[in-house]
Amino acid sequence: MGKCVGILALQGAFIEHIQHLEKCITENKYDLSVTTVKTPEELEICDALIIPGGESTSMSLIAQRTGMYPHLLKFVHDPSKAIWGTCAGLIYLSKELSNEKELVKPLNLLKVKVKRNAFGRQAQSFIKDCDFSSFIPDCTDFPTVFIRAPVIETILDPQEVLPLYTLDNGLIVAATQGKNILATSFHPELAENDSRFHDWFIKKFVLKQL
Ligand SMILES: NC(=O)CC[C@H](N)C(=O)O
């Protein structure tokens, strides 16, 4: 039976992730299914989990109030699962927050210290063409969306966490940990009609073909 990719749907931009994944599955005939995850039963059937962008404070509070927190904690710490956090998802996966941390109880997985809203507020959001060809073949011009984005301020375990993409000013905005964890401070799910990032995630982290 094919693997199942879950998208945490407590809060935030989960629909866009589903649309990209379904496009990749249809176009490449991957033996994969996609499901939203709001309950422990939905999480149980997943081999991978994407934690979307949104608001990490809200996501954290909802996870605690609905009783999902311990289930998420167990799932993301299982090394057989593929995990990807985008923006608020990156914050929620991290071990340490350097600011605005009062109401967030993170999943304590990604061995980094993260700064929330590192580029300022909503008005300072931006889209930038980024060259991801060092890890996605021929992807030199990915329309990369940053919305009140965090940055990885410190890598706490350089043996395990590798920077994947760094902006010209030296800020780390994407990283991997081991072979199963990906974190991006930007939103590949908001790239219109461009599913190259999702396709790479499927191939490298879910199907482990790369
Ligand atoms: N686009 C986003 O996911 C924003 C993240 C938000 N600024 C937070 O701190 O949770």
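Below, all heavy atoms of this structure are taken into account, side chains as well, without hydrogens, waters or symmetry copies. Just so you know, ligand 1 is whichever comes first in the structure, and atom 1 is the first atom listed for that ligand.
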- Query: Considering only protein heavy atoms, which is closest to atom 7 (N) of ligand 1, and at what distance to one decimal place?
  - Reply: N117 OD1, 2.7 Å
- Note on the structure: Under 4.0 Å from one or more heavy atoms of G53, ligand 1 contributes atoms 3 (O)
- Message: Would S56 count as a polar contact of ligand 1, with the cut-off being nitrogen or oxygen pairs under 3.5 Å?
- Response: yes
- Message: Regarding ligand 1, does T86 bring an N or O atom to under 3.5 Å of one of the ligand's N or O atoms?
- Response: no
- Message: I'd like to check which ligand 1 atoms, numbered from 1 as shown, lie under 4.0 Å from a non-hydrogen atom of I147.
- Response: 1 (N), 2 (C), 4 (C)
- Message: Going by side chain to side chain contact (heavy atoms under 4.5 Å, CB included), L97 matches just one of P106, S56, P150. Which one?
- Response: P106
- Residues N99 and V114: closest non-hydrogen pair is OD1-O, 4.2 Å
- Query: Taking the non-hydrogen atoms of E100, is any one of them nearer than 4.0 angstrom to ligand 1?
  - Reply: no
- Judged by atom type as modelled, is there a donor-acceptor pair below 3.5 Å linking the side chain of K204 to the main-chain atoms of I136? no
- S195 versus H20, side-chain donor and acceptor atoms under 3.5 Å: yes
- Task: Give yes or no for whether the N/O distance cutoff of 3.5 Å, strictly under, is met between I91 and ligand 1.
- Result: no
- Message: Using a 4.0 Å cut-off to any heavy atom of G54, which atoms of ligand 1 qualify?
- Response: 2 (C), 3 (O), 4 (C), 5 (C), 6 (C)
- Task: Would you please indicate yes or no on a ring centroid separation below 6.0 angstrom for F142 and Y165?
- Result: no
- So does K74 pair up with E44, basic N to acidic O under 4.0 Å? no
- Item | Taking atom 9 (O) of ligand 1 as the reference point, the nearest protein heavy atom with its distance | R116 NE, 2.7 Å
- Query: For atom 2 (C) of ligand 1, what is the nearest protein heavy atom, given as residue, atom name and distance?
  - Reply: C87 SG, 2.8 Å
- Between T26 and E22: side-chain donor-acceptor atoms closer than 3.5 Å: no
